[in-house]
Each structure stands twice: as C-alpha cells, then as structure tokens.
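What follows is one structure encoded as structure tokens, with my remarks underneath.
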Amino acid sequence: LDGVILIILFAAPLSGLRPLTLFQGFALTLFLCLLTAIISIVALLWGLVKHRRPMVLNALAGAVIAATPILIGVFVLGPGRIGAPPIHDISTDLIHPPAFSAARKLRSAGENSTEYGGTRVAAIQRRAYPDIQPLLSSLTPAQAFARAAQTARRVGRRLVNKDPAAGRIEATDSTPLFHFTDDIVVRIQPRGTGSRIDVRSASRVGVGDFGANAARIRHFVHTFRKTGNAPVQRNNALK
C-alpha cells in the first residue's frame, strides 16, 4: 500500500488518468491503510492480553506500516485542510457572486455547474472562511482591471477571457498534486472614485476542495495588494 501511495503521488502527472480517478485511488488506498491499521491494533491488544509475543510484534509492525501512508496523505493534503468544509465554490461576494462566462464553455456535461450554490453554500463559507472578503481600492476600475490581469499572470493563472467593458477577467488553474482544473473569475466594479474587486474560484469536479479555492483567493488578494503602490484595503464589513 505504501508503494501504491508513492506511485499515485509521483506518477500522477505522467499517468494520463483523470485527476478524479487518481484522487479516488489515493482515497481508497488511504482507507485500506486505515482499515489495516485498525485490524493491526486489535491484534496487538489481543496479543498483549494473551501474552503472545510474536503476535504482538507482527501486529505492531503491521500498524506502523499501515500508518505510514496515512501520515503521508495527511502531510500531502495539509493538516489544516483535512477538516475543510464540503464545498468547492468560494467567492468574496456571497450575495451576487461574479458570474462565469468562458468557463461555461470549458466545462463538460459531467462536471460541476458554474451556477452558484446559493444561501447554503454561502452560510458554510461564512463559518469556514470569514476572511474571504471583497477588496476596496482607490484605483480606478481601469487601473484595477490592469492590476488584476497582471496579478493573475504573476500567480501563474492561465487567462482565458478579458472583458474590460464588463470588468471581468477569467482564468484557469490546476492543483499541484492531482492536477484538478479550477476556474477563477475576477470582477471589477466602480465604487465611488475607486473600485471594488471580487474574486470567485470554483472546482470543476468534486464536492469538496480541501480548502484549495479559498487558498487560491487569499494568494490572489495578497499578491494584488502587494502589486503597485496604490492603497488597497480589505473590506471587513461586506459579507
């Protein structure tokens, strides 16, 4: 099982298999390891009760071997992401999320819809990621649009649509391990003499995302704020 884990992790980019298939194999292997570890622990306790030294040693070795890939899986996913909520669509605007345009044509029939999940998803996000908020900037919408496009390129996103008239930028990104493809849309709107920037990131497949979309938005926001000299502030009042 340890070998299967390593093969999945390191051969994933070369396998040609769908990311979801690779992840399902990864999850199944971890489940089998967990089951093996539980059986080994039961055998270990039984051996201790019956004072059977060979059984104890074998069960201990089995538990250690089975626990190793589980620890690898936790390390790969990140301890902080194990408890991520079962949602895959994250937005800085939970009332009127930025709408996808190009992404609708890029997604196949079997993939997640680009339509937002509504109040249920919004409520879960508020509890899990209260820091995901819109940006308010002193930049004009045109300046904010240019910086957003520059930021998307700096953080390695592949731009698929730029619409200055609509104030919308769309891009795609893939996760580093299993290469899941996710879609990102940035919306720039005028606000007084400045602008408001909203970001939405959504996975094409899967129910949950292990916090990947929230992390992507945080990275974009952080980079946007550091790009250029115009002041940008996070709006803590808008939810």
Side-chain angles (χ1 to χ4, degrees), residues 13 18-20 87-118 121-122 125 129 132-191 194-228 230 232 234-235 238:
R18 295 186 305 125
L20 185 58
I87 55 176
H88 59 264
D89 192 344
I90 307 298
S91 174
T92 58
D93 187 340
L94 299 177
I95 300 176
H96 301 291
F100 287 108
S101 177
R104 295 177 181 177
K105 302 175 183 178
L106 296 174
R107 295 193 178 193
S108 65
E111 294 179 330
N112 293 329
S113 170
T114 58
E115 297 300 319
Y116 188 66
V121 173
Q125 181 185 315
Y129 310 118
I132 302 295
Q133 298 287 331
L135 287 174
L136 304 182
S137 172
S138 63
L139 295 170
T140 66
Q143 291 171 331
F145 186 93
R147 187 193 286 192
Q150 179 185 3
T151 300
R153 286 189 291 267
R154 285 188 62 182
V155 296
R157 311 296 181 248
R158 184 173 71 87
L159 298 183
V160 296
N161 181 36
K162 290 200 304 180
D163 188 345
R168 180 171 57 230
I169 299 169
E170 289 183 84
T172 63
D173 189 24
S174 60
T175 58
L177 184 57
F178 295 102
H179 298 275
F180 285 104
T181 299
D182 301 333
D183 295 298
I184 306 101
V185 56
V186 182
R187 182 183 64 199
I188 297 93
Q189 296 176 303
R191 185 180 185 277
S195 56
R196 166 176 166 155
I197 301 94
D198 285 291
V199 187
R200 180 182 173 192
S201 181
S203 303
R204 292 187 183 181
V205 297
V207 176
D209 64 359
F210 290 99
N213 288 298
R216 182 178 292 113
I217 290 178
R218 292 188 187 105
H219 187 202
F220 181 93
V221 168
H222 176 74
T223 306
F224 185 99
R225 298 178 72 189
K226 293 186 67 176
T227 303
V232 179
R234 186 167 62 190
N235 178 18
L238 293 170

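Just so you know, these numbers use all the heavy atoms, side chains as well, and skip hydrogens, waters and symmetry mates. From a predicted model like this one, the values you see are computed outputs, not experimental measurements.
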Using 0.5 Å steps for rounding, measure from the [atom1] atom of [X] to the [atom2] atom of [Y].
| X | Y | atom1 | atom2 | result |
| --- | --- | --- | --- | --- |
| T140 | R191 | OG1 | CZ | 15.0 Å |
| F100 | R187 | CZ | CZ | 11.5 Å |
| Q125 | S91 | CD | OG | 6.5 Å |
| L139 | S195 | CG | OG | 5.5 Å |
| R225 | R147 | CZ | CZ | 10.5 Å |

Heavy-atom closest contact ([X] atom, [Y] atom, distance):
| X | Y | answer |
| --- | --- | --- |
| L159 | A149 | CD1-O, 4.3 Å |
| A148 | F224 | N-CE1, 3.6 Å |
| R196 | P134 | NH2-CG, 3.5 Å |
| I188 | P141 | CG2-O, 3.6 Å |
| T181 | R204 | O-CG, 3.3 Å |
| S101 | E170 | N-OE1, 3.0 Å |

State, without any angle test, whether N112 and S203 hold a side-chain donor-acceptor pair at a distance under 3.5 Å. no
Is a donor from one side chain sitting under 3.5 angstrom from an acceptor on the other, for R154 and T223? no
Contact check, side chains of F220 and I184, non-hydrogen atoms, under 4.5 Å: no
Please examine the side chains of T92 and L135, heavy atoms only from C-beta on, and report whether any two atoms are closer than 4.5 Å. no
Under the rule for side chain to side chain donor-acceptor pair (under 3.5 Å), what residues qualify as partners of R104, not counting sequence neighbours? none
Could you go step by step and tell me if I217 and V221 meet the side chain to side chain contact (heavy atoms under 4.5 Å, CB included) rule? CA-CA 6 Å; I217 290 178; V221 168; 4.2 Å; yes
In sequence, state the C-alpha distance, the side-chain angles, and the governing distance for H219 and R216, and then conclude on side chain to side chain contact (heavy atoms under 4.5 Å, CB included). CA-CA 5 Å; H219 187 202; R216 182 178 292 113; 5.7 Å; no
Check against side chain to side chain contact (heavy atoms under 4.5 Å, CB included), T114 and D183: CA-CA 9 Å; T114 58; D183 295 298; 5.6 Å; no
Ion pair check, R200 and D198, cut-off under 4.0 Å: no
Passing candidate, side chain to side chain contact (heavy atoms under 4.5 Å, CB included) with Y116, options D93, D89, I95: D89
